[in-house]
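Shown next, in structure tokens, is the structure this report addresses.
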Protein chains: 2
Amino acid sequence: MRLSTKGRYGLKAMFDLALNDGSGPISLGTIAERQGISIHYLEQLVSPLRKAGLLKSVRGAQGGYLLAKQPSEISVREILELLEGSLAPASCVTDGENSCDHSDFCVSRMIYDRIYESINEVVDNISLQDMLDEQYRNLQDSIPDMKNN
Amino acid sequence: MRLSTKGRYGLKAMFDLALNDGSGPISLGTIAERQGISIHYLEQLVSPLRKAGLLKSVRGAQGGYLLAKQPSEISVREILELLEGSLAPASCVTDGENSCDHSDFCVSRMIYDRIYESINEVVDNISLQDMLDEQYRNLQDSIPDMKNN
DNA sequence: CTAATTCCTAGTTATTTACTTGGAATTCGT
DNA sequence: ACGAATTCCAAGTAAATAACTAGGAATTAG
């Protein structure tokens with residue numbers, strides 16, 4: 001039940017962009033270095049995010065990526081689902097009836113449905129803005145002097 | 001974020017045993033056939049469940065497995081955690097601080113924590129007895145005549 | 001024109017999953 | 001006492017997936 005590096009790195013990258021929202025395009029090189037991720041690997045993660053319209057790219061020198069919407073308008077769910085596929089704990093939850101053998105009238109499936117719902121409830125209701133707010137709160141609480149970082 | 005076959009098959013097997021609770025030991029061969037799982041693979045799943053005290057075994061001919069406790073006393077969480085390991089979406093959630101690089105003051109981790117909690121909230125509160133109840137309800141609703149199966 | 005970038009496709013390696021194989025130990029029924 | 005049915009145990013293996021790497025074309029600021 002682990003998220004893969006795709007989801008985790010992708011979320012990190014999006015959060016990095018959110019932190020720098022408004023300062024013009026940020027290159028993958030910069031993000032890769034800051035987050036400790038291979039730049040070529042990052043490219044692959046960023047590509048679907050761009051195609052889905054979560055971020056914009058600027059090509060050429062001094063180019064890079066920017067959020068395509070406000071941080072408040074991008075949910076963690078969108079990001080994770082794009083990179084991980086659906087967050088369902090079993091394929092029958094999203095595949096409809098066909099994948100399930102019905103031998104036990106799918107009581108197991110009822111469980112997977114409920115897990116799926118509860119995961120979505122969480123990630124649907126956290127936006128990048130919420131993450132920024134949380135970050136700010138963390139900084140205030142633990143290291144008051146670092147507010148300006 | 002998928003459960004592996006270990007967790008899913010293991011849950012199926014436990015539910016099968018719950019359905020037959022009280023009728024003496026059920027052999028893995030029977031379960032394997034009913035649930036469409038390789039018997040040798042099932043063995044591997046059942047072994048940790050036995051060692052953890054969720055089920056008992058009876059060796060030799062006419063032997064098999066039985067639940068070691070009442071269905072109401074066995075939660076889906078216990079079963080899944082035994083077979084899948086913790087249901088945390090990232091290792092930092094259960095590994096403590098060491099695995100996390102703190103570069104973003106772990107706002108990501110806050111998310112993984114919340115997902116983890118919400119998953120546990122679900123699986124903690126479903127017991128094998130709840131599954132039996134649900135099964136019975138399903139049968140009543142969809143095929144009234146099959147109540148006696 | 002050049003350096004810095006995105007963009008694209010195709011490898012490759014490492015890890016994990018999902019089993020299979022083989023056989024010893026145990027016990028019921030006859 | 002014997003044989004069939006079982007649990008129990010340790011390895012091995014094949015397939016799938018994850019996690020990258022490699023190479024290069026296209027674009028653009030300076």
Side-chain angles (χ1 to χ4, degrees), chain A residues 1-13 17 20 23-68 80 82-86 89-91, chain B residues 1-13 17 20 23-68 80 82-86 89-91:
Chain A
M1 282 287 282
R2 295 268 139 87
L3 288 168
S4 70
T5 53
K6 276 193 196 174
R8 286 183 289 122
Y9 291 178
L11 184 58
K12 268 186 155 189
L17 287 174
N20 295 283
S23 348
I26 313 283
S27 78
L28 281 191
T30 308
I31 300 177
E33 200 179 0
R34 277 204 287 246
Q35 306 295 336
I37 305 172
S38 141
I39 183 171
H40 264 306
Y41 191 39
L42 241 195
E43 269 181 37
Q44 292 176 22
L45 309 185
V46 145
S47 169
L49 293 169
R50 179 180 53 86
K51 284 173 182 159
L54 297 196
L55 42 78
K56 288 182 299 202
S57 63
V58 179
R59 302 189 67 170
Q62 263 57 36
Y65 291 87
L66 329 90
L67 297 185
L80 292 182
L82 264 163
L83 296 169
E84 298 277 336
S86 132
S91 53
Chain B
M1 283 285 282
R2 295 268 139 87
L3 288 169
S4 70
T5 53
K6 275 193 196 174
R8 286 183 287 120
Y9 291 178
L11 184 58
K12 269 186 156 190
L17 286 175
N20 294 283
S23 348
I26 313 282
S27 78
L28 282 190
T30 308
I31 300 177
E33 200 179 1
R34 277 204 287 245
Q35 307 294 338
I37 306 172
S38 140
I39 182 171
H40 265 304
Y41 191 39
L42 241 195
E43 271 182 36
Q44 293 176 23
L45 309 183
V46 145
S47 168
L49 295 169
R50 179 179 53 86
K51 284 172 183 161
L54 297 195
L55 42 75
K56 287 182 298 199
S57 64
V58 179
R59 302 189 68 172
Q62 263 57 37
Y65 291 87
L66 328 89
L67 296 185
L80 292 182
L82 264 162
L83 295 169
E84 297 278 336
S86 130
S91 54

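Naming: A, B, ... by sequence-line order, numbering from 1 per chain.
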Closest to the 5' end of DNA chain C, once B/K6 and A/R50 are matched to their nearest nucleotides, is A/R50
Report yes if at least one side-chain N or O of A/Y41 is closer than 4.0 Å to OP1 or OP2 of C/dT12; otherwise report no.
-> no
Straight-line distance of B/K12 NZ to B/L45 CG, nearest 0.5 Å | 12.0 Å
Just to confirm, is there a sub-4.0 Å distance from OP1 or OP2 of C/dT5 to any side-chain nitrogen or oxygen of A/S57?
-> no
Non-hydrogen side-chain atoms of A/S91 and B/R2 separated by less than 4.5 Å = yes
Whether each nucleotide of nucleotides 23-30 of chain D has a protein heavy atom under 4.0 Å at its base (B), only at its sugar-phosphate (S) or at neither (-) is summarised, 5' to 3', as B--BBBS-
Value in whole Å for how far the C1' atom of C/dT17 lies from CD1 of B/I37 = 15 Å
Find the distance B/L28:CG to D/dC9:P and express it as a whole number of Å.
-> 13 Å
Given C/dC19, D/dC20, D/dC9, the nucleotide with the shortest approach to the side chain of A/Q44 = D/dC20
Please give, in whole Å, the distance from C/dT6 C1' to A/L66 CG?
-> 13 Å
Rounding to 0.5 Å, atoms CZ (B/R8) and CG (B/L80) come to a distance of 11.0 Å
Does D/dA19 have OP1 or OP2 sitting under 4.0 Å from an N or O in the side chain of A/T5?
-> yes
How about B/E43: does its CD atom have over 12 heavy atoms from other parts shown lying under 6.0 Å from it?
-> yes
Let me know which of A/L49, A/V46, A/I26, A/L54 forms a side-chain contact (heavy atoms from CB on, under 4.5 Å) with A/Y65.
-> A/V46
Please check the phosphate of C/dC19 (OP1 and OP2 only) for any side-chain N or O of B/Y9 closer than 4.0 Å.
-> yes
Heavy atoms only: give me the nearest B/P25-B/G63 pair and the separation to one decimal.
-> CB-C, 3.9 Å
Specify the separation, in whole Å, of atom CE of A/M1 and atom P of D/dA18.
-> 14 Å
Taking all heavy atoms of B/A32 and all of B/S38, pick out the closest pair and write down the distance.
-> CB-C, 4.4 Å
Could you check how far CG of B/L45 sits from C1' of C/dT20, rounded to whole Å?
-> 14 Å
Correct closest heavy-atom pair for B/L82 and B/P48 would be CD2-O, 4.1 Å
For atom CZ of A/R8 and atom P of D/dC20, their distance in whole Å | 9 Å
B/S4 has a side chain; which of C/dT17, D/dT21, D/dC8 sits nearest to it?
-> C/dT17
Under 4.0 Å between a side-chain N/O of A/S38 and OP1 or OP2 of D/dT21, yes or no?
-> yes
Protein-nucleotide distance (B/L42, atom CG; C/dT20, atom P), rounded to Å = 11 Å
Can you measure from OG1 (B/T30) to CG (B/L17) and round to the nearest 0.5 angstrom?
-> 10.0 Å
Which part of the nucleic acid, if any, lies within reach of A/G29 when heavy atoms closer than 4.0 Å are counted: base, sugar-phosphate only, or nothing?
-> nothing
Kindly say whether B/S4 contributes a backbone atom to a donor-acceptor pair with the side chain of B/E84 at under 3.5 angstrom?
-> yes
Per the 3.5 Å Watson-Crick/G-U criterion and a run length of at least three, the stems involving DNA chain C are C:1-30 with D:1-30
Tell me which of A/E84 and B/V46 sits closer to the 5' end of DNA chain D, going by the nucleotide each one is nearest to.
-> B/V46
Rounded to whole angstrom units, what separation is found between the CD1 atom of A/I26 and the P atom of C/dT6?
-> 11 Å
